[in-house]
Amino acid sequence: MTIHRRSFLLSASALPLLAQSGRVEGVFGTRVRVEVFSDFQCPGCKQLHEGTLRELRNEYVASGRVQLVHREFPLPMHPFARQAALYACAADKIGQYKTVSDALFRDQQIWSQNGQLEATLAKVLKPADLAKLKTLSQDPKVAAEVNADIALGMKAPVNQTPTMLITAKGKTQPIAGAISYAIFRRYIETLLA
Amino acid sequence: MLKLVLRLLLAGVFLFAAYSKLKQSYLVFAMSIDSYQLLPEWAVLTVARTLPPLELIIGVGLLIGWKLRYFAIAAFAMLLVFFSILLFSYGKGMTIDCGCFGVGEALSPMTLARDGTLLAAAGLLAKLSVSASDRSTHSTSTQ
């Protein structure tokens with residue numbers, strides 16, 4: 001219980017930093033907020049991103065009932081995950097977070113094998129944007145953003161990816177794993193009721 | 001003495017497992033079950049609703065010690081199912097929440113070691129309880 005309360009305070013205090021970010025979807029002040037800690041190289045995160053979160057976005061985020069926040073939590077066991085997180089955060093600076101994160105998850109099986117992240121990015125970005133992205137990904141401020149998300153996750157505590165911290169009615173509930181939308185939707189409905 | 005220790009240990013584990021699940025919405029436990037990706041939606045919801053009360057009943061049964069052999073066998077059977085699922089999921093390389101005592105414990109070798117130990121304890125308790133029961137029946141019939 002203490003852990004839940006602490007994670008709520010941490011996430012709430014860190015949230016304003018993301019106010020203008022593409023990493024926050026939906027309006028502020030919703031009754032339910034879902035913070036997703038994911039690793040671009042984790043298969044479960046890909047499954048959650050491309051399934052449950054897509055449906056959540058369409059049904060609840062678009063209608064302003066749920067806010068969705070993306071947090072980077074690259075695991076040390078995945079050699080290209082941190083670089084992918086740096087690219088995603090850098091993409092946010094040029095307004096391309098969603099495009100880049102969708103592409104990274106879509107091509108996960110390819111770049112996880114060969115480490116060629118830039119080949120994936122080149123498919124969805126103009127050459128000028130890709131050049132900007134490469135420069136920005138080396139910016140210490142971008143690295144600091146990734147580190148801040150990791151630190152936030154460690155304190156929550158996030159033990160695995162994907163983990164969602166669902167905040168509603170003043171309480172934060174961690175939910176781990178690639179859960180199906182049908183079950184997740186039932187839970188969201190109880191929080192909105 | 002050993003039987004008493006095993007009985008109280010397992011009773012504590014089952015009661016704590018039941019408490020940690022019953023104190024929150026059954027849907028939170030349903031999401032833990034769902035993350036294993038083994039059951040359809042209706043089965044996930046059924047298990048999420050019935051398993052915690054079942055753990056509570058077994059925990060109370062073990063604590064009281066009444067009809068011990070039945071409760072010990074039930075505890076062993078339940079732990080055997082849990083352990084098999086955990087082993088299977090870990091073998092598949094799934095990075096999921098164990099769901100054993102609520103949310104927040106990643107499936108790891110530590111989880112397997114703990115559940116394996118509990119399974120062995122329940123197996124031993126079941127064996128001791130059945131043997132004691134057989135001895136009691138035998139002595140009654142020979143009198």
Side-chain angles (χ1 to χ4, degrees), chain A residues 1-4 6-7 32 34 36-39 41-48 51-52 56 73-78 81 112 153-166 168-169 171-193, chain B residues 15-52 82 85-115:
Chain A
M1 199 58 147
T2 313
I3 290 167
H4 296 174
R6 190 176 58 188
S7 67
V32 178
V34 178
V36 190
F37 287 79
S38 50
D39 169 326
Q41 209 176 333
C42 133
C45 299
K46 173 184 164 73
Q47 199 180 337
L48 187 76
T52 301
L56 177 78
F73 202 76
L75 300 173
M77 64 192 276
H78 292 145
S112 290
M154 299 286 272
K155 283 175 189 163
V158 171
N159 297 319
Q160 67 214 75
T161 59
T163 292
M164 294 187 277
L165 298 182
I166 301 168
K169 298 172 184 170
K171 245 183 83 178
T172 297
Q173 175 68 54
I175 301 291
I179 50 170
S180 68
Y181 186 63
I183 305 280
F184 187 57
R185 187 182 183 281
R186 283 174 185 264
Y187 183 59
I188 293 292
E189 281 294 332
T190 63
L191 296 178
L192 289 169
Chain B
L15 289 174
F16 180 65
Y19 165 75
S20 63
K21 292 173 188 114
L22 289 169
K23 72 175 181 179
Q24 59 196 11
S25 161
Y26 82 99
L27 287 167
V28 172
F29 182 45
M31 287 187 277
S32 289
I33 300 168
D34 187 55
S35 70
Y36 283 86
Q37 300 177 6
L38 291 170
L39 300 173
E41 185 189 348
W42 68 266
V44 166
L45 295 171
T46 306
V47 173
R49 280 186 188 277
T50 54
L51 190 65
F82 292 163
I85 292 170
L86 291 174
L87 200 60
F88 175 73
S89 303
Y90 188 75
K92 274 175 71 182
M94 295 177 85
T95 53
I96 52 173
D97 197 271
C98 157
C100 312
F101 300 100
V103 181
E105 184 193 353
L107 175 57
S108 67
M110 192 74 96
T111 319
L112 291 172
R114 184 197 59 212
D115 275 45

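Sequence lines set the chain letters: A, B, ... in the order given, protein chains first and strands last, and positions in each chain run from 1.
Here the CZ atom belonging to A/Arg186 is positioned 11.0 Å from the CG atom belonging to B/Asp34, to the nearest 0.5 angstrom. Separating the CD atom in A/Gln160 from the OG atom in B/Ser108 is a distance of 9.5 Å, to the nearest 0.5 Å.
Note on A/Ser180, A/Gly44, A/Gly177, A/Ala178: by heavy-atom pairs under 4.5 Å with chain B, the leading option is A/Ser180.
For the pair A/Tyr187 and B/Val28, the tightest heavy-atom approach, listed with the atom from each and the gap, is CE1-CG2, 3.7 Å. For the pair B/Met31 and A/Ile179, the tightest heavy-atom approach, listed with the atom from each and the gap, is O-CG2, 3.1 Å.
Using a cut-off of 4.0 Å between Lys/Arg side-chain N and Asp/Glu carboxylate O, A/Arg185 and B/Glu41 are scored as not salt-bridged.
In B/Tyr19, the OH atom is not crowded: 12 or fewer heavy atoms of neighbouring residues, nucleotides or ligands sit closer than 6.0 Å. Within a 6.0 Å radius of CZ in B/Phe101, other residues, nucleotides and ligands contribute more than 12 heavy atoms.
If you measure heavy-atom distances from A/Thr161 to chain B, the contacts under 4.5 Å come from the backbone alone. Contacts of B/Glu105 with chain A are made by backbone atoms alone, with heavy-atom separations under 4.5 Å and no side-chain atom involved.
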Carefully, step by step, assess A/Asn159 and B/Asp97 under the rule side chain to side chain contact (heavy atoms under 4.5 Å, CB included).
-> CA-CA 9 Å; A/Asn159 297 319; B/Asp97 197 271; 6.0 Å; no

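Using a 4.5 Å cut-off on side-chain heavy atoms (C-beta onward), A/Gln47 and B/Gln37 make contact.
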